[in-house]
Amino acid sequence: MTDATSQTGRSGAQPRKSLHVTDARTRRRNAAEARFRFYGAAAIAVSILALVILLTSVLGNGLGAFRQTFITMPVALDAKVLDKSGTGDIEVMKKVTTIGYAKVIEKALATALAEKGIATDGLTAKQISGLLSQEAAANLRNQVLADPALVGQTVDVKLLANGRVDGFFKGRVTMDSAKLDSNISPEQLELALKMREAGLMSLSFNPGFLFGGDASELRPEAAGLGVAILGSAYMMLIVLVLALPIGVAASIYLEEFAPKNKWTDLIEVNISNLAAVPSIVFGILGLAIFINFMGLPQSAPIVGGLVLTLMTLPTIIIATRAALKAVPPSIRDAALGVGASKMQAITHHVLPLAMPGILTGTIIGLAQALGETAPLLLIGMVAFVREFPDAPPEGFFDPASALPVQVYNFTQRADPAFVERASGAIIVLLVFLLLMNAVAILLRRRFERRW
Amino acid sequence: MNDMRIADRTVSSDTAKMTARGVQVFYGENHALKDVDIDILGGTVTAFIGPSGCGKSTFLRCLNRMNDTVSIARVLGEIKLDGEDIYDKSVDPVTLRARVGMVFQKPNPFPKSIYDNVAYGPKIHGLTKSKAELDQVVETSLKKAALWNEVKDRLHAPGTGLSGGQQQRLCIARAIATSPEVLLMDEPCSALDPIATAQVEELIDELRSQFSVVIVTHSMQQAARVSQRTAFFHLGHLVEYGETGQIFTNPQDPRTESYITGRIG
Amino acid sequence: MNDMRIADRTVSSDTAKMTARGVQVFYGENHALKDVDIDILGGTVTAFIGPSGCGKSTFLRCLNRMNDTVSIARVLGEIKLDGEDIYDKSVDPVTLRARVGMVFQKPNPFPKSIYDNVAYGPKIHGLTKSKAELDQVVETSLKKAALWNEVKDRLHAPGTGLSGGQQQRLCIARAIATSPEVLLMDEPCSALDPIATAQVEELIDELRSQFSVVIVTHSMQQAARVSQRTAFFHLGHLVEYGETGQIFTNPQDPRTESYITGRIG
Amino acid sequence: RDNIQIAGSSTVLPYATIVAEAFGENFDFPTPVVEGGGSGAGRKKLCEGVGENTIDIANSSSRIKQSDIDLCKTNGVDEIMEVRIGYDGIVFASDIAGPDFAFTPTDWYNALAAEVVKDGKLVPNTAKTWADVNASFPAQDILAFIPGTKHGTREVFDVKVLEAGCKASGAEEALVAAKGEEDGKKACLALRTDGLSVDIDGDYTETLARIAANKNAIGVFGLSFYQNNTDKLKVATMDGVVPSTETIASGDYPVSRPLFFYVKKAHIGVIPGLKEYLEFFVSDDMAGPEGPLAAYGLVSDPELAKTQEAVANETPMGPLN
Amino acid sequence: MSIGLITLIVLGLAVLGFILGRQRALSAVGGDPRTLHSLPGYYGWSVFLFTAVPALLLLVTWAFVQPTALNSHVAGMIPAADVASYGSTQLVMADVRRIADGLDAVARNAGLDETGLAALRADLTDMRGRLAEVGVALGSNVAPSVLEAAKEYRSLSGTLRLGMALAVLLAALAGLGFALWRIDPRQRARNLVEQFTLVLLAGCSLIAVATTFGIVASLVVESVHFFKLYDFRDFFFSLTWSPRFGGGSELGLWPLVWGTLYVSFIALLVSVPVGLMAAIYLSEYAGKKVRAFAKPAIEILAGIPTIVYGLFALITVGPFLRDWFAQPMGLGSSSSSVMTAGLVMGIMLIPFVSSLSDDIINAVPQSMRDGSFGLGATRSETVKQVILPAALPGIVGAILLAASRAIGETMIVVMGAGAAAKLDVNPFEAMTTVTVKIVSQLTGDTEFASPETLVAFALGLTLFCFTLALNVVALVIVRKYREQYE
Ligand SMILES: Nc1ncnc2c1ncn2[C@@H]1O[C@H](COP(=O)(O)OP(=O)(O)OP(=O)(O)O)[C@@H](O)[C@H]1O
Ligand SMILES: Nc1ncnc2c1ncn2[C@@H]1O[C@H](COP(=O)(O)OP(=O)(O)OP(=O)(O)O)[C@@H](O)[C@H]1O
Ligand SMILES: [Mg+2]
Ligand SMILES: [Mg+2]
């Protein structure tokens, strides 16, 4: 029953459309499509652009922190000054304070300058020694106490230069600004230039920034991130070990097992609400529960880790629940149909499919936890901590700082040299974050699939 | 192709494997199944026929409590397996489903390899002792489901990358790999060509010697070919249930007759 | 039920709506379709038959470039619609798919209401001017797909809550609501009871007056009933293509004959 | 616990860290842990009770309040030692490239107050430039960054600048006349709300950054902060006096305040090194006029000797007067 | 034996139990796992649980109870006079513990044995000096009673520790034995293990609830103090926020709430479209390589400390907006503004929206896309009309998370929007948020027991209730529009 007439009629009434000729409506739709796609690309571009801008400013400011100006010179460790008893008894030697060592260094610097034939006219002794960091004496003292046999010898030592001098070589301080600066004079900078020419002074990689403790405002050049890195690492360890399993477990329960009733609705709303609780409130909670009630110590990574865990949990739970919800029910049916228990269906099939979402939640949650300062404010971690915590698990209870705290502290300090260190600390924090998340990112890529 | 031969009908009706009494199912407000009484006999193939949307799948899913997973579904009535109420509190649906296997209407392979799809059931039920034995089970199941030749070279390719009919057979293989006592098959041959259909029908007949099989089908010929008993559903009612030969040759209810002769749908 | 009547076969072969030349498809390493040449005629129903996994769906998906969405699929060769290469760079697959509609093998209703499922196509193509007109289109489409009676009271219930066969008809309704020039149907009746099948076949016959229809089926009877031309695929090859009557009564290739008489699968 | 724990004012924090650092270097005791967190929170923590998990010392930029002492009492902290470590100068500074200013409290009052006296009448403040306030000033837009109300510095600013200016300009009289004794005095502290006076809740670095972004602004800083940034900031005189450690110690420069820390006496002799730390802090080597604290900007207390004696004797503080 | 060691031993026993249990189950059925009710591994796990869980619970309880008991026992030995000289029992006990810890080192250092240690007399030896030698610093000399207490403490804690080890190990062994004995082919080991796991899962979700209780409890107490000092009507109904240092402040809530809403709104206005479009682009358009790079890159935005954003707002964005928008449009000349903070915060929040949404969008089955493409829909139509509705619950979750972060953020607001509370609609005016004020009032120099500080708790509590209401609304919306696929 071919209907030839209707066919010709149709082709007569309606001219043949070509695939290449699009009608107005299709053009509009295609334009909408192109626009949509462009918006998407633009959104990516905007995000990446923002990232690039932020990163360049951080890198531009912070890379300098990894290099530092050092003064390398021979120092005669006078036994008469440093070991008054002459017995090499360490207890006696400890009586010599950093002030005594500062004098030794001062003398050594004068000698070194004289030896190189650098004139120091017009500069007082205080101004000359002002080129050195106040940390130098402490460094030397530690060196000597660690190896008392050095006393009486002349040793080559590498000492930190003052932050302003360092700033001068990094371009932060100029002759003009030095004129106005009450902490350094252009003459001192001239001297520093000469010292550099003579090879006494040089910029080199500064391991102290990564491995040293914090320093006070008088010696920005000595401030390091060691304690903060350890503190952050301890806290992240705690957060990862607690938040991920607990978060995933709670989500599984709520999404898959909990009866759907008013109570679980309440819990659900409650969890999303927890995400909206300002982080400082978690600090209040931590102070009340972990420190005042449970008697855990102040400023300790264990408390910080627990508080951050509670803070990260909602993020991980929300992400995981969303991911679990997105797994099509037919997959669950298939597993149940062959006699798998609900638990098996979930662990064997649903979780692997939800894994990308779970990992994303983890990545974002950890990023948030790693960068958070406000809750730490109330549990004593926003502090000046110079002593390194022990190895875990005891170290979890020792005072420690954290990377974002260090950033926060650095930005509050008066000396402009801390600006560079704050950015340096941010770089370290970001590297830390990337290292921490690299595994999750790689894993997520493996688990991503369409069905 | 005009195959209306009636399978041989030696059925001892006292070996009821599963019994359903007064089963009703509601999907929210929608009363999908109304007061169904039925006995599924052991060692028998039972066919469910009826127009689309009449409740065949719904009833099938009641038999191994798959409806538990549909949040809006509500099941009333009593269903017994070997005399035990399967909706009893103390019954573990997992054990139940291990004994009452199911092939779904829409093929739903796991997003895993073909091998893993079939091996999953035996693995979780501990049916095999060694890898070799498991390989054996996978191979036999795939062979029985008439899929082995097509996939033997790509056992580790994803099951979701198969053609529609292949997926359907994969799901059959997956279900029989766990050797359930009762096998529920929801239109297992809908996407299969005649030869594959014949092979699956052969499989069903073979299974019957040990298990009960319930099969939903839209093909009257198929029902006639493979089943010993047939149930006819219509608009949520079980209209007629009896020996296949009798249903097809001598239906009691006028609706059955109309359906079989192609007048109502 | 023994229906082998051959539809009347007056086809003017010069009105080729679509032509395929040397089409090859690879899924990764897997060479799924090998060198297929075929002409789909205008105003004709073409049936694709062949054992499961032979490449029928794959070829169907080539005809409206649905294979573009399978990342591992690679299509070679040339396919033309009204003389224009559809794989040409300048061709917009969207326009193509609006003209070449498709019903998938696995029913895939959108997670929307039944109404929205059907109204989706007309809406995006701007086929209707008013809400009333849209309602009209939805109703006609559902009626044509023989689903109207079952769903008219719950048009705003989700399409995913339908039974398997209902979903299949919903997908048919969704596809015809956009009135494509060529309609590709992948086993549209696999989950349908005989009466619904008959209604859909009637629909196909009706559609033929204006459009070309390509239908994949496993039922030889159905192919014989509705199609004017039949193509037989086997292991990725197009073995034989010709008038339905000729293919069924006088196949040229021994493989075709074996398949039709039920010997290879 | 082996280390000393200190918390409190962020103004005292830098001094405390300098001492803590030197203490850790030269003594066998571990370096104390010094927290910021604000004077109020520090004193609260101090008064939480006696014992290992409470802090030993609270830094404070203002004197302890009776409510804190009461809290201490209820929690069993009976004896507290008060140690005054010196004075903090508060200076007004603007961008280094800008003009010089010589302020009096009256100028500040007239620039920032909500209501000022003009021609003997109380009127809402409409001054837009400094020249409007005082004809001798350049016509630079008024924009002042003053400490937020959370800061102890704000209290000093209120009392020593605004109240003084209020009185001197005659506004207090007019306000008291208009609103009564109580409310009138309070009204002296009411600032204009049109955005020319900006509260800074952050720290001095934020103020500095804001000045970098708004070159014509004037900010309030601590003396030590200014001394570290003399290349970026230009300091203004107050009542004709240039702020410096000397002028503040002598009392010539009016805007300054004492800094304290409070020690829980019960912890002395229990927490290792606590006594040594206290003595080290107030020693001439640290807190004296030549010591590192002074070098950093702390105005050394002329009565340091008295403090040293009190620390040596572990004299607890008497009731507040 | 340290707690860590005991834990390890218990876990070791549990592992052993696992192996034995598994084997026993298998041998009970002659090595044929088919006749077992559950997989052999489940029998192993059930033994593992019976061994480890009671023992570890005992360990934890013991570890909590022992110090308290020991302390009260030993504290009783010290005369009241000595306690008084220390100030409090707690402080004496701190010293006692320190000395007790140090005694071991002293003994080692001086080559003393137990009797030698016992003979140590505080009034005869310079205990402080000897302890200092071994690195135990004490604040004062050691009173004789304290030394005796320390000795008692040391020996008793040694005994108790041993007792604990024995008890815990016994418990573990008993559990092991019992569980092994119970093993029977018909035992529902899987159900047992799963029941246990379920309890564990439920316990985990209770942690979230417990957190809420903790938060509310820790806020309520101080809030009550606040409302005793400050009239709640002024707090809830006044439109002025102007705290004073010395008291007499006006602490009206609304300017802060308004600021919070305004800033968060602008932040979401930036982050939701950008994040959502980024997610759509990543999952629907981008190639594998772009995706593998861009997604983690954008996530870095979430990890940059907020202080960097704050400075960015303060130094770059603020002046830019002032010079190019606010001043030319006559909307004021403030460099810190709601707009600045909102914009910058929006950037920070992009990954919260984009990454989570991307995962969810990716999880929508391909057949949905196919269905839409098959009807001739463009990609954007598919995304907008099919995929987004299907992914809605997840996306709403992501947006809520972003909103939550926006509400909770301080540093960006302080530096970008300023600290002045104001009720204004001009987005180029400085304003501030609830959270900022919570932080600043809590960390300020005002006395703690004043309304100026305590208001932080009341603010916290109010914000908590406020966000709770918002979340309820969000839940209702999701429920209403949720579309479940397949
Ligand atoms: N996405 C895919 N990835 C990999 N291989 C595929 C994919 N889809 C199909 N194939 C393979 O391509 C071949 C042809 O598949 P196709 O779906 O075209 O078969 P079919 O003829 O439609 O079969 P059926 O009747 O079972 O639907 C089969 O071997 C199949 O396994
Ligand atoms: N998940 C569900 N939610 C709501 N209604 C449902 C659901 N599943 C099925 N229904 C309805 O219940 C009735 C019976 O459906 P069922 O799937 O049992 O039909 P069926 O007999 O299997 O049909 P078919 O042959 O088309 O698969 C139908 O009206 C259907 O729309
Ligand atoms: Mg069905
Ligand atoms: Mg197919």
Side-chain angles (χ1 to χ4, degrees), chain A residues 29 32-33 36-37 39-41 43-44 46-47 50-51 54 58 246 249-250 252-254 267 269-276 278-281 284-285 288-289 310 313 318-319 322-323 325-326 328-330 341 343 356-357 360 363-364 367 371 374 404 407-408 411 426 433 441 445 450-451, chain E residues 194 197-198 201-202 204-205 207-209 211-212 214-215 218 274 277-278 280-281 285 292 294 296-305 307-308 312 347 350 352 355-356 359-360 363 365-366 378-380 393-394 397 400-401 404 407-408 410 435 438-439 443 460 467-468 471-472 475 485-486:
Chain A
R29 286 173 61 213
E33 165 73 16
F36 193 74
R37 191 191 168 108
Y39 295 150
I44 301 274
V46 165
S47 318
L51 180 69
L54 288 165
V58 168
I246 293 181
I252 292 178
Y253 180 75
L254 292 175
I267 295 179
V269 168
N270 179 39
I271 286 175
S272 347
N273 191 36
L274 274 186
S279 52
I280 186 137
V281 174
I284 297 177
L285 174 77
I289 304 281
L310 293 185
L313 265 181
I318 291 175
K325 247 184 225 151
S330 67
S341 69
M343 198 73 83
T360 299
I363 291 170
I364 287 185
V407 174
Y408 176 74
T411 53
I426 292 166
L433 181 73
I441 291 171
R445 244 165 74 194
R450 284 252 171 99
W451 62 83
Chain E
E194 286 183 352
T197 324
L198 197 59
L201 296 185
C204 286
S205 60
I207 288 182
V209 181
T211 312
T212 310
I215 286 178
S218 53
V274 174
M277 285 314 297
I280 290 168
Y281 189 84
Y285 291 99
I298 294 176
E299 277 161 358
I300 295 180
L301 284 176
I304 294 180
I307 198 150
V308 179
F312 182 57
I347 293 174
I350 290 173
F352 283 76
S355 278
L356 275 178
D359 288 326
I360 306 300
Q366 180 64 31
T378 62
R379 252 179 208 282
S380 59
L400 272 184
L401 208 54
S404 304
I407 291 171
T410 50
T435 315
I438 294 179
V439 177
T443 59
T467 48
L468 194 66
N471 271 299
V472 171
L475 183 79
Y485 33 81
E486 286 194 43

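Reminder, nothing fancy here: chain letters follow the sequence lines and each chain counts from 1.
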Closest non-hydrogen atom pair, [X] against [Y]:
X: A:Tyr253; Y: E:Ser205; answer: CD2-OG, 3.3 Å
X: E:Ser380; Y: A:Glu33; answer: N-OE1, 2.7 Å
X: A:Met343; Y: E:Leu198; answer: CE-N, 3.9 Å
X: A:Ser47; Y: E:Val274; answer: OG-CG1, 3.9 Å
X: E:Ser404; Y: A:Ala276; answer: CB-CA, 3.3 Å

For chain E, the option from [options] that forms the most heavy-atom pairs under 4.5 Å:
options: A:Ile252, A:Thr411, A:Val58, A:Leu274; result: A:Leu274
options: A:Ala249, A:Ala322, A:Ala323, A:Ala374; result: A:Ala249
options: A:Gly371, A:Ala288, A:Gly357; result: A:Gly357
options: A:Ile271, A:Val281, A:Ile284; result: A:Ile284

In terms of heavy-atom proximity below 4.5 Å to chain A, should [X] be classed as side chain, backbone, both, or neither?
X: E:Leu356; value: both
X: E:Ile307; value: side chain
X: E:Ile304; value: both
X: E:Ile215; value: both
X: E:Thr211; value: both

If you count heavy-atom pairs within less than 4.5 Å of chain A, which of [options] leads?
options: E:Ile407, E:Leu301, E:Thr197; answer: E:Leu301
options: E:Gly460, E:Gly394, E:Ser218; answer: E:Ser218
options: E:Ala208, E:Ala294, E:Gly397; answer: E:Ala208

Exercise. Do A:Val46 and E:Met277 have side-chain heavy atoms sitting under 4.5 Å apart?
Worked result: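 No, side chains not in contact.
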Exercise. Under 4.5 Å between any side-chain heavy atoms of A:Lys325 and E:Ile360, yes or no?
Worked result: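 Side-chain contact under 4.5 Å: no.
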Heavy-atom distances under 4.5 Å only: say whether [X] touches chain E with side chain, backbone, both or neither.
X: A:Ile246; value: both
X: A:Leu433; value: side chain
X: A:Pro404; value: neither
X: A:Arg445; value: side chain

Out of curiosity, [X] [atom1] to [Y] [atom2], how far, rounded to the nearest 0.5 Å?
X: E:Ile438; Y: A:Ser279; atom1: CD1; atom2: OG; answer: 10.0 Å
X: E:Thr378; Y: A:Phe36; atom1: OG1; atom2: CZ; answer: 8.5 Å
X: E:Ser355; Y: A:Ile364; atom1: OG; atom2: CD1; answer: 4.5 Å

Exercise. A:Asn273 pairs by side-chain contact (heavy atoms from CB on, under 4.5 Å) with which of E:Thr212, E:Leu400, E:Leu468?
Worked result: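 Running side-chain contact (heavy atoms from CB on, under 4.5 Å) over E:Thr212, E:Leu400, E:Leu468 with A:Asn273 returns exactly one hit, E:Leu468.
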